[in-house]
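Everything on this sheet refers to the single structure shown next.
Worth saying up front: this structure is predicted, and the values here are computed from it rather than measured. Numbers here simply count residues along the sequence, with the first being 1.
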Amino acid sequence: QVQLVESGGGLVQAGGSLRLSCAASGLTFSTYNMGWFRQAPGKEREFVAAVSYFTPNTRYADSVKGRFTISRDNAKNTVYLQMNSLKPEDTAVYFCAAKYRGSLNSYEYNYWGQGTQVTVSS
């Protein structure tokens with residue numbers, strides 16, 4: 001049974017930082033691309049960042065480039081999202097997702113976590 005468990009969300013002031021973690025189990029982590037998505041109230045879920053399973057290739061949404069960094073630790077079966085210079089518009093539930101190999105340009109992920117709330121106050 002695959003499980004993705006996010007942690008690290010919370011309330012932070014604009015300009016602050018948070019680091020999200022997603023611990024994966026029940027899959028061969030090193031063969032999965034990992035992604036972060038977010039969904040704000042009243043909006044559709046949107047792509048934030050992804051990291052490939054094999055090489056340290058990454059991809060970011062334009063809205064977070066230069067502020068967010070995705071990374072992974074295959075020894076710990078964990079993917080991270082370091083979020084700096086946070087803005088109120090970053091407020092959302094952040095979801096971790098796993099996709100077996102494939103292209104980082106595809107948003108068709110196999111497994112999803114339950115999400116963690118990030119709230120940025122102005």
For side chain to side chain contact (heavy atoms under 4.5 Å, CB included), just list the numbers for Leu18 and Val118, CA-CA rounded to whole Å, side-chain angles, deciding distance to a tenth of an Å, and then say yes or no.
CA-CA 9 Å; Leu18 281 175; Val118 171; 3.9 Å; yes
Please test Gln3 against Tyr111 for side chain to side chain contact (heavy atoms under 4.5 Å, CB included), starting from the C-alpha separation and ending with a verdict.
CA-CA 8 Å; Gln3 283 193 316; Tyr111 304 104; over 6 Å; no
If you apply the rule side chain to side chain contact (heavy atoms under 4.5 Å, CB included), what do you find for Arg59 with Asn105, and how did you get there?
CA-CA 8 Å; Arg59 182 167 179 255; Asn105 294 323; 3.2 Å; yes
Do Arg101 and Asn33 pass the side-chain hydrogen bond (donor to acceptor under 3.5 Å, both in side chains) test, and can you show the C-alpha distance, the side-chain angles, and the key distance before you say yes or no?
CA-CA 5 Å; Arg101 300 188 178 181; Asn33 296 334; over 6 Å; no
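Expressed to the nearest 0.5 Å, how far OG of Ser30 lies from CG of Asn77 amounts to 8.0 Å. Here CD of Gln1 is found 8.0 Å from OG of Ser25. Values are rounded to the nearest 0.5 Å. Once rounded to the nearest 0.5 Å, the distance linking OH of Tyr32 with OG of Ser52 reads 15.5 Å. The line from CG of Leu20 to SG of Cys96 is 9.5 Å long, rounded to the nearest 0.5 Å. Within the model, atoms CE of Met34 and CG of Asn74 stand 10.0 Å from one another, a figure rounded to the nearest 0.5 Å.
Under the rule for a side chain to side chain donor-acceptor pair (under 3.5 Å), the partners of Glu46 that lie at least two apart in sequence or sit in another chain are Arg38. For Val93, the side chain to side chain contact (heavy atoms under 4.5 Å, CB included) test picks out Phe95, Gln117, with sequence neighbours left out.
Between the side chain of Asn110 and the main chain of Tyr100, a donor-acceptor pair closer than 3.5 Å is present. Lys87 places no side-chain N or O within 3.5 Å of a backbone atom of Thr91 that could act as its donor or acceptor partner. The closest donor-acceptor contact from the side chain of Tyr60 to the backbone of Ile70 lies under 3.5 Å. Under a 3.5 Å cut-off, the side chain of Ser63 and the backbone N or O of Ala61 do not form any donor-acceptor pair. Judged by distance alone, the side chain of Glu6 and the main-chain N or O of Gln114 form a donor-acceptor pair under 3.5 Å.
Side-chain contact check for Asn57 versus Val51: every heavy-atom pair is 4.5 Å or farther apart. The side-chain heavy atoms of Thr31 and Phe54, taken from C-beta on, include no pair separated by under 4.5 Å. Side-chain contact between Tyr80 and Asp73 is present, with heavy atoms from C-beta onward closer than 4.5 Å.
Relative to the six-membered ring of Phe29, Arg72 meets both conditions, a distance below 6.0 Å and an angle of at most 45° to the axis.
What you find for Gln39 and Lys43 is that their closest heavy atoms are NE2-O, 3.1 Å. The minimum heavy-atom distance linking Ser17 with Asn84 is given by the pair OG-OD1, 2.9 Å. Ser106 approaches Lys99 most closely through the heavy-atom pair O-NZ, 2.7 Å. Smallest separation of non-hydrogen atoms from Ala40 and Ala92: N-CB, 3.8 Å. Pairing each heavy atom of Leu104 with each of Ala50, the nearest pair is CD2-CB, 3.9 Å. The shortest non-hydrogen separation linking Leu86 to Arg67 is CA-NH1, 3.9 Å.
For Phe37 and Trp112, the ring centers sit closer than 6.0 Å to each other.
Phe68 and Val79 fall within the same hydrophobic cluster, defined by Ile, Leu, Val, Met, Phe, Trp and Tyr side-chain heavy atoms under 4.5 Å apart, directly or through other members. Tracing side-chain contacts under 4.5 Å through hydrophobic residues (I, L, V, M, F, W, Y), one never reaches Tyr107 starting from Tyr94; they form parts of separate clusters.
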